[in-house]
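Let me begin by presenting the structure, written as structure tokens, before commenting on it.
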Amino acid sequence: MRKPLNWVIPLCFLLAYNGVETVSNQPYRTAFHFQPPKNWMNDPNGPMYYKGVYHLFYQYNPYSAIWGNITWAHSISYDLVDWVHLEHALSPTEPYETNGCWSGSATILLDEQPSILYTGANSKNQQFQNLALPKNRSDPLLKEWIKSPQNPLIAPVDDIDPSNFRDPTTAWLGQDRLWRVIVGGEIGGSGMAILYRSEDFVNWTRSKSPLHSSNETGMWECPDFYPVSINGSNGLDTSVHDGLIKHVLKASFNDTDHYVLGSYIPGTDTYSVENNFLSNGSDMRYDYGKFYASKSFYDSGKKRRILWGWIKESDSEGDDTTKGWSGLQSIPRTILLGESGRQLVQWPIKELEKLRTKQVSFNDVDLKSGSVFEVPGITAAQADIEISFRLSGLKEAEEMNSSWNDPQLLCKENNKALGKGAIGPFGLLVLASKDLTEQTAVYFRVFRNQYDKYVVLMCSDQSRSSQREGLEKATYGAFVDMDPLRETISLRSLIDHSIIESFGGNGKACITARVYPKIAINQEAHLYAFNNGSMDVRISRLSGWSMKRAQVVPIQKRRKSSIG
Ligand code: DQQ
């Protein structure tokens with residue numbers, strides 16, 4: 001595919017780049033995940049595709065590695081892999097945002113006009129929704145943003161709790177030519193998506209009822225609402241409302257991103273859900289590990305919906321101050337409704353494969369009970385690995401108690417990556433030291449439930465991930481909605497020094513982990529496949545790649561004579 005003509009602009013910047021201050025040479029800095037040069041980063045904001053350029057804004061503290069002074073930093077890319085950091089897009093300058101320009105979303109309005117709706121928090125942390133437009137929309141890099149003189153557009157009035165009213169979504173357009181947007185809130189102890197309508201994107205009227213709410217949860221941060229195609233392989237623009245579709249509502253609470261599926265009736269703005277948000281650990285999540293405040297956008301260039309999520313640290317604020325940075329963005333993932341229609345599936349964007357370099361492949365390797373197999377020849381601290389397992393039989397599967405409905409608890413209580421089960425644990429030992437004293441086990445176990453159906457459990461166990469003290473070393477778990485009688489159990493893990501993003505069952509269950517090994521860093525890191533079940537399993541296919549470093553650089557401070 002030919003690169004757009006404006007590709008030359010950032011390349012010039014790259015070539016002219018003369019070294020803006022960046023944290024480097026640290027074992028936990030990543031090679032192909034998005035990170036600012038230094039300091040604090042949290043939520044992804046306003047991702048969009050505009051005139052051939054991908055934009056990512058994000059919550060950023062320009063002064064320290066701890067949350068505060070929240071500003072919208074801005075980076076651009078042509079492939080979602082290599083990035084150029086631009087000047088900040090929004091900084092807190094107005095009374096309605098003294099305490100920060102908080103999260104929000106981009107909407108491409110009629111006549112291809114890009115816009116941003118975001119939350120401002122004033123000095124009392126009261127929250128208001130605001131609009132910003134690019135100064136020059138013919139510039140594909142959208143470098144400068146102007147706040148609307150009519151801000152704040154939406155104030156927390158009536159029963160709205162002013163300190164729990166934030167994070168407007170991408171807006172969608174109804175057939176009545178009215179824009180709709182939802183804002184996250186909590187009223188009377190229920191988390192909710194408060195709905196507004198507008199003709200001109202400036203004057204907004206609150207709908208009598210929220211789009212959806214739940215008294216099982218607290219405040220919904222960073223809601224997202226969008227259509228997905230039933231049986232289709234393309235993503236859909238947020239304003240699509242007809243055809244064979246369902247609507248996804250995502251809400252961020254309890255440090256994880258939960259979603260429900262349902263059917264949205266645009267005329268009445270009613271949303272009837274197939275399942276609901278729950279706080280007991282058994283509802284559906286984008287990712288069962290570290291992944292929060294995510295946001296999706298429709299990529300009209302490649303007709304796909306892409307999801308970004310903030311991956312927090314698992315070390316302490318003191319560690320972050322010493323490192324000089326905190327927070328990563330996940331690898332952007334395409335997100336679609338799975339074949340079953342019951343859940344979403346996610347997969348790393350195809351473009352990431354351009355970083356794959358040296359490859360190793362194996363077929364049909366037996367993993368006898370109790371065995372470990374080292375994956376040789378790739379950079380185990382910076383790798384992309386895909387592995388599939390064939391089971392020798394399922395008759396021996398251990399019985400599953402009907403009360404076991406929280407997969408995380410199940411992984412934690414069955415924390416036996418090095419102990420024995422029947423079918424499993426089998427999987428990968430990632431960022432492992434040679435003597436295996438450090439390792440993050442990403443693995444599966446298969447059980448049989450009371451209906452004689454097989455249940456596949458996926459776990460990611462950080463308890464042995466580092467010999468360092470004072471880290472959060474959680475064990476995460478997810479059920480993989482698949483039938484191991486008919487499908488092979490597969491795992492893809494993106495390993496990038498201090499982050500392991502794992503996709504089980506072709507993206508049906510995702511678990512992201514942050515780890516800080518003391519020994520298993522750079523060349524000292526190893527990668528193994530293992531089987532600690534009493535039943536043998538076979539690796540039917542394994543492909544692993546060393547990964548190159550993505551180019552993520554700050555823009556050069558422009559000289560008068562340079563472009564633009
Ligand atoms: N982060 C933002 C808020 C949002 C929270 C502030 C979620 O707008 O609710 O940095 O991480």
Side-chain angles (χ1 to χ4, degrees), residues 36 39-47 56-74 88-92 96-106 116-132 151-156 160-170 181-187 191-194 217-225 249-259 277 285-287 289-296 307-314 317 320 325-330 512 514:
N39 293 338
W40 168 271
M41 169 174 69
N42 57 303
D43 317 350
N45 288 155
L56 175 68
F57 305 86
Y58 53 93
Q59 298 275 283
Y60 181 63
N61 184 348
Y63 308 111
S64 114
I66 312 288
W67 187 90
N69 312 297
I70 289 296
T71 295
W72 276 47
H74 181 195
H88 303 329
L90 302 172
S91 301
Y96 56 77
E97 56 189 17
T98 312
N99 206 23
C101 298
W102 290 5
S103 285
S105 308
I116 283 172
L117 285 174
Y118 70 100
T119 299
N122 71 10
S123 56
K124 294 182 186 147
N125 259 350
Q126 294 170 322
Q127 295 150 27
F128 300 85
Q129 316 317 321
N130 306 300
L131 173 68
N151 284 347
L153 303 187
I154 311 179
I160 294 178
D161 172 358
S163 57
N164 278 321
F165 179 57
R166 54 185 181 269
D167 310 336
T169 58
T170 295
V181 74
I182 53 175
V183 179
E186 178 180 349
I187 300 180
M192 67 180 65
I194 308 172
T217 76
M219 166 72 189
W220 289 1
E221 297 189 305
C222 301
D224 200 1
F225 185 64
L249 176 64
K250 184 277 292 188
S252 303
F253 53 86
N254 293 353
D255 269 347
T256 37
D257 279 9
H258 308 242
Y259 71 90
F277 294 110
R285 319 238 183 113
Y286 279 165
D287 189 302
K290 285 247 145 156
F291 189 92
Y292 194 66
S294 63
K295 197 166 292 295
S296 72
L307 179 70
W308 284 100
W310 166 40
I311 318 292
K312 293 185 198 193
E313 301 297 318
S314 294
E317 279 195 355
D320 295 344
W325 60 276
S326 173
L328 303 168
Q329 298 297 333
S330 65
T512 297
R514 292 287 280 118

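Atoms within each ligand, like the ligands themselves, are counted from 1 in listed order.
Applying the 4.0 Å criterion to heavy atoms of W67 picks out, from ligand 1, the atoms 6 (C), 10 (O). Taking every heavy atom of S103 and a limit of under 4.0 angstrom, the matching atoms of ligand 1 come to 2 (C), 8 (O).
Considering both main-chain and side-chain atoms, W102 never comes within under 3.5 Å of ligand 1 through any nitrogen or oxygen pair. By the 3.5 Å distance cut-off applied to N or O atoms, N42 is counted among the residues near ligand 1.
Side chains of Y96 and Q126: a donor-acceptor N/O pair is absent below 3.5 angstrom, by distance only. Between the side chains of T256 and N254, not a single donor N or O lies within less than 3.5 Å of an accepting N or O. In summary, the side chains of N39 and Y63 do not present any donor paired with an acceptor at a separation below 3.5 Å, with no hydrogens or angles considered.
Checking D255, D167, N164 against atom 4 (C) of ligand 1, the nearest heavy atom belongs to D167. Selection from R166, M41, Q59 by nearest heavy atom to atom 6 (C) of ligand 1 gives Q59.
Summary of contacts: the protein heavy atom closest to atom 7 (C) of ligand 1 is D43 OD2, 3.1 Å.
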**OP:** Go through D255 and K312 one step at a time and tell me if the salt bridge (charged side-chain N to carboxylate O under 4.0 Å, His left out) criterion holds.
**Re:** CA-CA 10 Å; D255 269 347; K312 293 185 198 193; 2.8 Å; yes
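F165 pairs with exactly one of I154, T119, I187 by the side chain to side chain contact (heavy atoms under 4.5 Å, CB included) rule, that one being I154.
The aromatic ring centroids of W220 and F277 lie less than 6.0 Å from each other.
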